[in-house]
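Quick notes on the structure that follows.
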Amino acid sequence: MMFSWNLSEVFTLTNSLSYSDPVMEYQWTERDLPDGVVRLGASEPVSHSTYVMYHGTSSRNARSILASGFCQSADGMLGRGVYLSRDLNKARCYPAFHPESDQVVIRVKVNVGKVIAINYQNHPFQKSWHEYGYDTAWVPPMCGMVNCGLEEDCVWDPRRIEIIDTINPQPVSAGILAAGVAVLSGIALLALALVKS
């Protein structure tokens, strides 16, 4: 019986998996939503509705927020306010360049009040939306304002925000990745042995 193996494909596949440095992977899982709270949708938040949102931060900052509540940031892409997202994947990336094992996502319930969409850079109300009677500024996904392409919200008044709980990263077993690498390595060694014989 003759086997036809393309060794360069096998070795490329084997080497593309990063297994030389044991890096821990994490998953972020969410519990059930409270009654009356709407999950992320693709559409603009509806004014005067209540949504679940997320705020990513370090564990140290999370303890402070849990003890004292949210405060407005002094400035940002949308000016002053509390920066949140209805997308857990957006929040779990913060703070940027911080070890994932020390990140926390605070899950909150927000009555958004009157909402304005800020859907392009240099929008005339980009930093002054609150002066025109809006309670929340919403940046739609994939509009070019946020590098990652995910939606973002800025809530002017922290009193509109009610903390539900926190979501912490859960380590994912590295055993599955190691088993996959072992199988691919075994295939590569088998292919090499068959070529030599």
Side-chain angles (χ1 to χ4, degrees), residues 26-59 61-96 98 100 103-170:
Y26 293 90
Q27 67 181 5
W28 295 80
T29 56
E30 181 178 23
R31 293 171 286 287
D32 294 331
L33 293 177
D35 291 336
V37 177
V38 180
R39 189 176 291 281
L40 171 68
S43 62
E44 178 175 351
V46 176
S47 289
H48 308 290
S49 294
T50 300
Y51 293 91
V52 67
M53 293 190 188
Y54 309 93
H55 178 81
T57 189
S58 67
S59 59
N61 288 346
R63 286 190 297 275
S64 175
I65 292 167
L66 293 172
S68 306
F70 283 96
C71 297
Q72 284 186 332
S73 61
D75 197 13
M77 175 180 64
L78 299 169
R80 289 179 47 200
V82 179
Y83 284 80
L84 305 160
S85 180
R86 293 183 299 161
D87 192 331
L88 175 59
N89 286 320
K90 170 90 161 87
R92 73 180 186 83
C93 296
Y94 288 89
H98 192 79
E100 191 170 16
Q103 292 174 326
V104 175
V105 171
I106 301 173
R107 186 167 66 149
V108 299
K109 184 166 66 169
V110 180
N111 178 330
V112 293
K114 189 174 176 187
V115 179
I116 184 173
I118 306 292
N119 52 9
Y120 59 91
Q121 289 291 353
N122 301 314
H123 186 286
F125 297 158
Q126 184 168 339
K127 293 195 177 214
S128 61
W129 48 272
H130 184 259
E131 296 169 21
Y132 295 91
Y134 294 99
D135 301 300
T136 300
W138 173 65
V139 175
M142 306 307 290
C143 72
M145 290 202 46
V146 180
N147 287 339
C148 65
L150 301 175
E151 72 120 63
E152 187 162 326
D153 302 89
C154 184
V155 177
W156 178 263
D157 187 351
R159 293 174 296 184
R160 292 187 164 278
I161 304 167
E162 179 185 328
I163 295 172
I164 300 171
D165 58 14
T166 58
I167 302 171
N168 297 300
Q170 301 301 312

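Since the structure is predicted, the reported quantities are computational estimates derived from the model, not experimental observations.
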Distance (rounded to the nearest 0.5 Å) between W129 CH2 and D135 CG: 7.5 Å
Report yes or no: does Y134 contribute a side-chain atom to a donor-acceptor pair with the main-chain N or O of A117 at less than 3.5 Å? no
S85 and L150, any side-chain heavy atoms less than 4.5 Å apart: no
From L88 CG over to R107 CZ, what is the distance, rounded to the nearest 0.5 angstrom? 9.5 Å
Check whether any side-chain heavy atom of I167 sits under 4.5 Å from a side-chain heavy atom of Y54, and report yes or no. yes
I need the minimum non-hydrogen distance between G81 and C154, along with the two atoms involved. CA-SG, 3.6 Å
Considering only heavy atoms from C-beta outward, does the side chain of V139 approach that of L78 to under 4.5 Å? yes
Could you please spell out the steps behind the side-chain contact (heavy atoms from CB on, under 4.5 Å) verdict for T166 and L66? CA-CA 9 Å; T166 58; L66 293 172; 3.8 Å; yes
Determine whether I161 and H55 make a side-chain contact, defined as any pair of heavy atoms from C-beta on separated by less than 4.5 Å. no
Could you tell me the separation between the CE atom of M142 and the SG atom of C148, rounded to the nearest 0.5 Å? 9.5 Å
For I106 and F70, run side-chain contact (heavy atoms from CB on, under 4.5 Å): C-alpha distance rounded to whole Å, both residues' side-chain angles, the deciding distance at 0.1 Å, then the answer. CA-CA 10 Å; I106 301 173; F70 283 96; 4.1 Å; yes
If every non-hydrogen atom of Q126 is compared with every non-hydrogen atom of Q121, which pair is closest and at what distance? NE2-OE1, 3.4 Å
Give the intermediate values and the outcome of side-chain contact (heavy atoms from CB on, under 4.5 Å) for residues V146 and K90. CA-CA 10 Å; V146 180; K90 170 90 161 87; 3.7 Å; yes
Closest heavy-atom contact between D87 and N89? OD1-N, 2.9 Å
Taking the six-membered ring for Trp, are W156 and H130 parallel (under 30°), tilted (30 to 60°) or perpendicular (over 60°)? parallel
Flag the pair R160 / V82 as yes when at least one side-chain heavy-atom distance between them is below 4.5 Å, and no otherwise. no
Gap between atom CD1 of I164 and atom NZ of K109 - 0.5 Å precision: 6.5 Å
F125 and Y132 aromatic ring geometry - parallel, tilted or perpendicular at 30°/60° bounds: parallel
Within this structure, what is the CG-OG1 distance for the pair L84 and T136, rounded to the nearest 0.5 Å? 8.5 Å
Of all heavy-atom pairs linking S58 and H98, the shortest is CB-NE2, 3.7 Å
What's the shortest heavy-atom distance between P140 and C143, and which atoms? O-SG, 3.3 Å
Smallest heavy-atom separation, D153 atom then W138 atom, equals OD2-CD1, 3.1 Å
From CA spacing to verdict: side-chain contact (heavy atoms from CB on, under 4.5 Å), E162, T50: CA-CA 10 Å; E162 179 185 328; T50 300; over 6 Å; no
Just by modelled atom types, is the R80 backbone N or O under 3.5 Å from a matching donor or acceptor in the S73 side chain? no
Any donor-acceptor pair under 3.5 Å from E151 side chain to R86 backbone: yes
With no hydrogens and no angle check, is any side-chain donor or acceptor of Q72 less than 3.5 Å from a backbone partner on D157? no
